[in-house]
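Beneath this line is the structure, given in structure tokens, with notes to follow.
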Protein chains: 2
Amino acid sequence: MSEVVNMEQTILESATELFLKKGFKATSTTEIAKEAGCNQALVHYYFRTKDRLFEAIFQQKVKFFVGALLDIGKEELPFLEKLEKKVISHFEAIESNPRLPLFFLNELSANPNRIDTIKQAVGNLPQQAVHQLEKELNSDIEKGAIRPVSVRDLLMSIVSLNIMAFMGAPMFKVMTGISEEDYQKFLNQRKMENVRIILKSLEPEVES
Amino acid sequence: MSEVVNMEQTILESATELFLKKGFKATSTTEIAKEAGCNQALVHYYFRTKDRLFEAIFQQKVKFFVGALLDIGKEELPFLEKLEKKVISHFEAIESNPRLPLFFLNELSANPNRIDTIKQAVGNLPQQAVHQLEKELNSDIEKGAIRPVSVRDLLMSIVSLNIMAFMGAPMFKVMTGISEEDYQKFLNQRKMENVRIILKSLEPEVES
DNA sequence: AAACTATTTAATAGATTTATTAAATAACAA
DNA sequence: TTGTTATTTAATAAATCTATTAAATAGTTT
């Protein structure tokens, strides 16, 4: 039972929670300090400025998020099986960090400059991974195993379905009048539904 | 050429643009006034408080957005054809208001209280529309024309695919390294790709 | 034109926010 | 214990933000 907590770490965690919930501008260092249980000046002692604190968190989260999306399964599996695993692991990554997508998109909207932070954080890793996926995809397309589809469309579909299941929850709940409990049930089956949608969307057209 | 502009209207438009881009907290009445080309006090003269101004805009946008999602085609068409039209019109509604979804979701995250504004603005219209859609959907499922799927899953799929094509653009561009011009091309074909995905996802399972 | 109303601005009070500084406290090493 | 360094706090400067008020300007009516 370490009663002594690392205040720098605590501040970082409080800041993360608040930034994720309310964004950069709507979160004050005063609030962060209060949440962390320390004096407001301490936030600046450890992180100098609010912006630096934010950037540290932003970068770290970008790396995590992009990693979760990209880490292409190394196993030697048929493409469609690998894809299914990918959809599932991506869904689960978002499930355990449901606020991340909104956090990124909102911050980019409010301050497009942050795009540079992202670029710098991810490098050309994404392009490589996309290219690798594209090769495997095209190979299966040529075999006639799946219908012709661009890697961009496929990626966009996966990301859209997985992210919106969590990010869209508040709106979706109001629209459908669903309870929190039922929404959890919905989410539980949604992971495999997304897999189904992606796989069915890739099925070759039937002869007419 | 009416050189005389209605300043109240101009303020509303400037505020809308800024709120949509940066959210409630990150937008100041000073900034709104500057954008509108008037004195800051005038913003308060017409709208009393920043919050009232925001609420007016928020409500109006919610009604528009929900309307665009729900207005179920009145024509007598086969379900799948009606659905295709629905997907397309929903896509186009977002296309002409690409910032709306992020605006709602971010504001709800920062201030969950606003959920009441939404509930009040939309009433039980959504539930009714969902229920109507559900009837038609189930009817086609019973006929065996489409695979068993819940109306919630179907709605979530449509909304996810359409919204993320626009809302996710900034992230997607970085990840794929695509140019603005190519992204426009991507969007142009994405509408029908979404239709394809939805329709294919509804195809009955083939006999094994 | 005079009187009245609506619009717009300048000035400012009162909060809040970020960041800095100096002082106080705690932790540690000599 | 004493000197040294690291951590934490209190106080506060400077900037910014919302909202109000009073005065100025423009527009209308009589």
Side-chain angles (χ1 to χ4, degrees), chain A residues 1-60 103 106-107 109-114 117, chain B residues 1-60 103 106-107 109-114 117:
Chain A
M1 295 294 148
S2 94
E3 278 296 328
V4 182
V5 289
N6 180 350
M7 192 45 84
E8 182 173 2
Q9 182 62 23
T10 306
I11 290 171
L12 197 69
E13 284 163 14
S14 301
T16 301
E17 185 189 324
L18 288 167
F19 282 143
L20 279 171
K21 205 176 288 177
K22 319 206 295 176
F24 177 76
K25 194 60 189 296
T27 302
S28 69
T29 54
T30 311
E31 210 179 349
I32 293 168
K34 196 169 150 192
E35 176 80 17
C38 69
N39 187 283
Q40 180 259 344
L42 206 56
V43 176
H44 292 272
Y45 171 74
Y46 281 119
F47 299 94
R48 277 285 292 283
T49 68
K50 182 183 161 186
D51 199 75
R52 279 198 197 192
L53 171 56
F54 181 86
E55 280 280 327
I57 292 168
F58 194 70
Q59 272 215 27
Q60 189 237 311
F103 174 63
N106 181 51
E107 217 48 52
S109 173
N111 182 1
N113 283 358
R114 302 242 192 250
T117 308
Chain B
M1 296 292 149
S2 96
E3 278 298 329
V4 183
V5 290
N6 179 351
M7 192 47 83
E8 181 173 2
Q9 182 62 23
T10 305
I11 290 171
L12 198 68
E13 285 162 14
S14 302
T16 301
E17 185 190 323
L18 289 166
F19 281 144
L20 278 171
K21 206 175 289 177
K22 319 207 294 174
F24 177 76
K25 193 62 189 295
T27 302
S28 69
T29 55
T30 311
E31 210 178 350
I32 293 169
K34 195 168 150 193
E35 175 82 16
C38 71
N39 188 282
Q40 180 258 347
L42 207 55
V43 177
H44 292 272
Y45 172 72
Y46 282 118
F47 299 95
R48 277 283 293 282
T49 68
K50 181 182 161 187
D51 198 75
R52 278 198 199 195
L53 171 57
F54 181 86
E55 279 280 327
I57 292 168
F58 193 71
Q59 272 215 26
Q60 189 237 310
F103 173 64
N106 182 51
E107 217 48 52
S109 172
N111 181 1
N113 282 359
R114 303 244 191 248
T117 308

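These figures come from a predicted structure and were not determined experimentally. Proteins come first, then strands; the chains are lettered A, B, ... in the order of their sequence lines, and each starts at number 1.
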Review point. How close or far is atom C1' of D/dA19 from atom CG of B/L42, stated in whole angstroms?
Key: 14 Å

Point to revise | Test item: A/Q40 and A/K34 side chains (from C-beta on) under 4.5 Å apart, heavy atoms | key: no

Check your understanding: Do you know which two heavy atoms are closest between B/I32 and B/V43, and how far apart they sit?
Key -> CG2-CG2, 4.2 Å

Exercise for review: Measure the distance from CD1 on A/I11 to P on C/dA19 and round it to the nearest whole Å.
Suggested key: 14 Å

Practice item. With a 4.0 Å heavy-atom cut-off, tell me which residues in residues 14-34 of chain B come close to DNA chain C, sorted by residue number. Key: none

Review point. Under a 4.5 Å cut-off applied to non-hydrogen side-chain atoms, are B/L53 and B/T29 in contact?
Key: no

Study note, to complete from the structure: For nucleotides 20-25 of chain D, 5' to 3', base contacts (B), sugar-phosphate-only contacts (S) and non-contacts (-) with protein non-hydrogen atoms under 4.0 Å give B-----

Practice item. Select one nucleotide: of C/dT18, C/dT8, D/dT8, the one nearest the side-chain heavy atoms of A/M7. Key: D/dT8

Exercise for review: Round to a whole Å and report the spacing from CZ of A/F47 to P of D/dT8.
Suggested key: 12 Å

Practice item. Ignoring hydrogens and angles, state whether a donor on the side chain of B/Q59 or B/T117 is under 3.5 Å from an acceptor on the partner side chain. Key: no

Check your understanding: Is any side-chain heavy atom of A/E13 less than 4.5 Å from a side-chain heavy atom of A/E35?
Key -> no

**Study point:** Nearest heavy-atom neighbours spanning B/I57 and B/A15
**Key:** CD1-CB, 3.7 Å

Exercise for review: Decide yes or no for B/T10 and B/C38: does some side-chain heavy atom of the first lie under 4.5 Å from some side-chain heavy atom of the second?
Suggested key: no

Exercise for review: Name all pairs fulfilling the ring pair (Phe, Tyr, Trp, His ring centres under 6.0 Å) condition that reach into residues 28-57 of chain A, sequence neighbours left out, sorted by first residue then second.
Suggested key: A/F19-A/F54, A/F24-A/F54, A/F54-A/F58, A/F54-A/F103

